[in-house]
Amino acid sequence: MFKKILVPVDLAHVDALANALAAADDLAKHYGAEVCYLGVTPTTPTSVAATPAEYEKKLGEFADKQAHKHQQSVSAHAVASPDPVADLDDIVLKAIHEVNADLLVMATHLPRHLDAVIPAHGGKIATHTDISVFLVRQTQE
Amino acid sequence: MSENNTRDQNENAGIPAPEGRSNLIDTDYVIGQDNVAGSALGLNVDLHGKVFTISALTVLLFVIATLALQNSVAPLFESLRVWLTSNLSWFFLAGANVFALLAVGLIFTPLGKVRLGGQEATPDFSNSGWFAMLFAAGMGIGLMYFGVSEPLSHFGSSMGGVAGDGGVRTDWAPLGAAANNPDAAMSLSMAATIFHWGLHPWAIYAVVALALALFSFNKGLPLTMRSVFYPILGERVWGWPGHVIDILAVFATLFGLATSLGLGAQQATSGLSHLFGVANNEVTMVVLIMGITIVALASVMLGVDKGVQRLSQLNMVLAGLLLGFVLLVGPTLLIVTGFFDNLVSYVTHLPALSNPFGREDANFSQGWTAFYWAWWISWSPFVGMFIARVSRGRTVREFLIAVLIIPTLISVLWMTALGGTALDQVVNQGLEGVAAASGDLQLFEMLGNLPLATITSLVAVVLVIVFFVTSSDSGSLVIDAITAGGKVDAPKPQRMFWAIIEGAIAIALLLGGGLVALQAMAVSVGFPFTVVLLVACYAIVKGLLDEPRGA
């Protein structure tokens with residue numbers, strides 16, 4: 001049913017993505033789909049990488065590691081933005097078209113009041129795309 | 001499909017490391033390592049613990065002290081400003097000359113080929129969007145206020161000639177004045193005005209912006225003021241010396257913005273009351289500041305690309321329309337020939353106007369020039385950081401031409417059109433109303449003498465307001481980045497916090513008094529920052545020298 005699963009990842013907080021990554025891998029195995037990891041970085045230096053080029057390399061390494069772990073085909077798609085916090089939704093929507101994904105698996109937080117003012121990315125993206133969206137919440141402690 | 005970005009796993013093995021494209025500084029510091037991250041009251045935060053806490057507390061303390069102890073604090077700040085601009089005017093003038101010489105000089109050296117972000121970086125914004133943001137952040141608002149009032153003021157004092165009292169000049173005329181010689185006085189007043197809005201202020205911004213862009217995009221250090229000090233302080237910039245520099249930058253930005261916001265609300269309100277008879281009182285001003293803050297909040301949430309950039313472009317269009325209108329309807333021939341005459345007058349008067357030592361015209365060189373330089377310099381962390389952030393992918397030469405040469409030419413055109421039309425009205429048409437009006441209203445008086453006054457004045461008021469929104473939103477982004485230890489991707493509520501604080505401080509000071517006192521305070525911050533900028537000059541040259549240059 002699905003051929004390419006897009007998974008936005010934040011390399012600075014990989015541990016918070018565990019559930020989303022696992023869900024994406026299981027779905028990929030089940031449908032024989034490819035997993036494409038989408039990473040968005042500011043153009044300024046971050047704790048992850050000093051330049052967008054270095055970020056792209058690290059995202060590639062991350063994808064490689066996932067591929068070895070789960071024995072399936074993966075790809076990586078890195079995007080640099082001058083203001084990623086504000087542009088993230090648009091970047092994900094654009095990436096869906098660029099990599100031709102048919103399923104988005106995305107980590108998200110629990111609903112909270114502030115979402116009324118600043119909507120969570122996952123929910124907002126779901127209202128703006130025609131592909132299936134699977135929002136994965138973190139396990140509550 | 002973007003082939004460049006999408007690679008499958010096998011290709012990744014062979015990608016070379018980015019080194020060599022630019023020359024990264026090898027530091028153990030991890031961006032955000034001193035940050036406090038967490039979720040407080042349902043809000044995610046990611047802040048530099050010390051810089052955020054201390055700046056927030058001192059800012060609060062200063063506002064409370066200014067409001068509570070107004071009668072003793074105001075004279076204190078005011079005398080500090082007067083002392084700095086009169087005793088250290090040579091330092092401001094000499095410093096600004098260094099910045100201008102370096103910035104102009106770099107255009108012509110091979111170092112101009114260095115690309116910000118490494119040789120393969122591509123610009124993040126279109127030329128028009130980029131330039132609109134540079135200009136709106138840099139001086140948009142001041143041009144509205146001073147475009148008419150400054151040439152008139154210099155003209156008046158120049159016509160008055162030199163007046164002395166026991167060897168000390170008491171007049172405010174630039175240089176040797178031009179007593180009772182309207183042509184010479186016009187030329188001198190335009191040269192003096194353009195001097196304050198030309199190469200020097202833009203060189204001040206260019207130095208800060210270039211240093212920050214270089215050390216962030218090419219050297220891999222966080223986008224915050226302290227990074228500029230790395231060549232001198234080394235790893236110590238991550239400790240207290242760096243904290244102090246960043247806190248100072250937050251301080252200058254916040255107070256500079258809040259005082260401008262307050263003073264600008266006064267101008268916009270007197271404009272509105274002049275046009276539509278809106279009550280010229282505190283209620284109108286507070287409503288105006290709240291309105292500006294709400295629009296700024298929306299713009300800050302939309303981010304640089306969809307918020308600040310679009311508003312800046314709107315500004316450029318409106319400013320272009322106003323300029324075009326004055327050009328066509330005003331004394332067209334006078335403005336066109338005046339553009340070249342004033343440019344020549346600026347260049348020929350430049351050495352004398354920028355001379356830091358042995359000035360006869362103490363009132364002018366200290367009260368106008370040194371005050372301006374201190375004010376531009378106190379704005380430079382904010383404008384410089386914002387310009388740096390949007391300038392990735394440009395070569396140093398491209399950058400300097402766009403930040404230095406083009407804005408200077410536009411300033412010349414703007415001042416010639418607006419100031420020249422006003423002078424023409426006063427000198428050739430005998431319309432004294434323009435010269436007699438208060439500074440707040442001179443622009444509207446000048447427009448009032450041209451056709452379609454209501455429409456153009458309305459455009460002018462809208463411009464004033466939108467210029468404030470662009471200052472407020474870009475300022476919030478800058479303060480947020482500094483207080484987040486150089487992270488530009490900190491959670492959104494933080495940037496909203498700063499936008500609200502700016503408006504709140506402006507309202508508190510407007511109601512409680514103390515705007516002028518805090519402006520004096522902000523100008524005083526200009527002194528330590530002149531030293532910061534001199535360090536930045538050294539850092540730029542040193543940093544550029546070990547960058548790979550393009551073919």
Side-chain angles (χ1 to χ4, degrees), chain A residues 10 12-13 34 36 38-68 72-91 94-95 97-100 109-110 112-115 117-118, chain B residues 1-2 5-13 15-19 21-22 24-25 30-33 35 39 42-44 117-118 120-121 124-125 216-223 227 300-308 388-390 392-393 477 481 486-493 495-496:
Chain A
D10 180 353
H13 301 101
E34 176 190 326
C36 177
L38 168 69
V40 183
T41 183
T43 48
T44 49
T46 64
S47 56
V48 176
T51 63
E54 189 188 341
Y55 182 88
E56 195 178 337
K57 185 168 162 267
K58 287 204 169 165
L59 186 69
E61 286 166 3
F62 172 82
D64 282 352
K65 226 168 72 191
Q66 292 293 318
H68 283 299
Q72 66 201 16
S73 67
V74 302
S75 58
H77 185 75
V79 179
S81 154
D83 194 0
V85 180
D87 295 337
L88 188 69
D89 300 343
D90 292 340
I91 292 170
K94 201 168 151 222
H97 282 285
E98 281 177 353
V99 305
N100 222 356
H109 56 74
L110 293 170
R112 53 189 182 193
H113 298 304
L114 192 70
D115 292 348
V117 189
I118 310 175
Chain B
M1 288 289 289
S2 73
N5 287 331
T6 315
R7 293 190 172 90
D8 71 37
Q9 47 177 332
N10 299 326
E11 285 171 46
N12 270 320
I15 298 173
E19 286 82 19
R21 300 278 105 215
S22 65
L24 294 174
I25 286 178
V30 178
I31 294 170
Q33 70 175 29
N35 280 23
S39 193
L43 291 176
N44 288 337
E120 276 161 23
D124 295 326
F125 298 94
S216 187
F217 295 134
N218 296 49
K219 311 287 182 190
L221 300 185
L223 185 69
S227 296
V300 141
M301 281 180 66
L302 287 171
V304 179
D305 194 34
K306 286 170 289 178
V308 185
R389 185 164 168 185
V390 296
R392 187 174 176 274
L477 292 171
K487 276 194 177 186
V488 299
D489 55 347
K492 263 188 199 173
R495 48 174 82 171
M496 295 165 67

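The shown structure was predicted, so the numbers you read here are calculated from the model rather than taken from an experiment. Here is how names work: the chains are called A, B, and so on, in the same order as the sequence lines, proteins then strands, and each is numbered from 1.
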Partner chain A: residue of B/D305, B/D489, B/V390 with the largest heavy-atom pair count (under 4.5 Å): B/D489
Separation of A/L88 CG from B/K492 NZ (nearest 0.5 Å): 9.0 Å
N/O donor-acceptor pairs under 3.5 Å from side chains in residues 43-50 of chain A, not counting sequence neighbours:
| from | atom 1 | to | atom 2 | distance (Å) |
| --- | --- | --- | --- | --- |
| A/T46 | OG1 | A/V48 | N | 3.1 |
| A/T46 | OG1 | A/A49 | N | 3.2 |
| A/T46 | OG1 | A/A49 | O | 3.3 |

Which of B/P222, B/G220, B/G307 touches chain A most, by non-hydrogen pairs under 4.5 Å: B/G220
A/D83/B/K306 ion pair, N-O < 4.0 Å: no
Residues that A/K94 engages under side-chain hydrogen bond (donor to acceptor under 3.5 Å, both in side chains), provided they are two or more places apart: none
Toward chain B, the part of A/P82 with a non-hydrogen atom under 4.5 Å: both
Side chain, backbone, both or neither of B/A490 within contact of chain A (heavy atoms, under 4.5 Å): backbone
Top contributor to chain B interface from A/A95, A/S81, A/P52 [non-hydrogen pairs under 4.5 Å]: A/P52
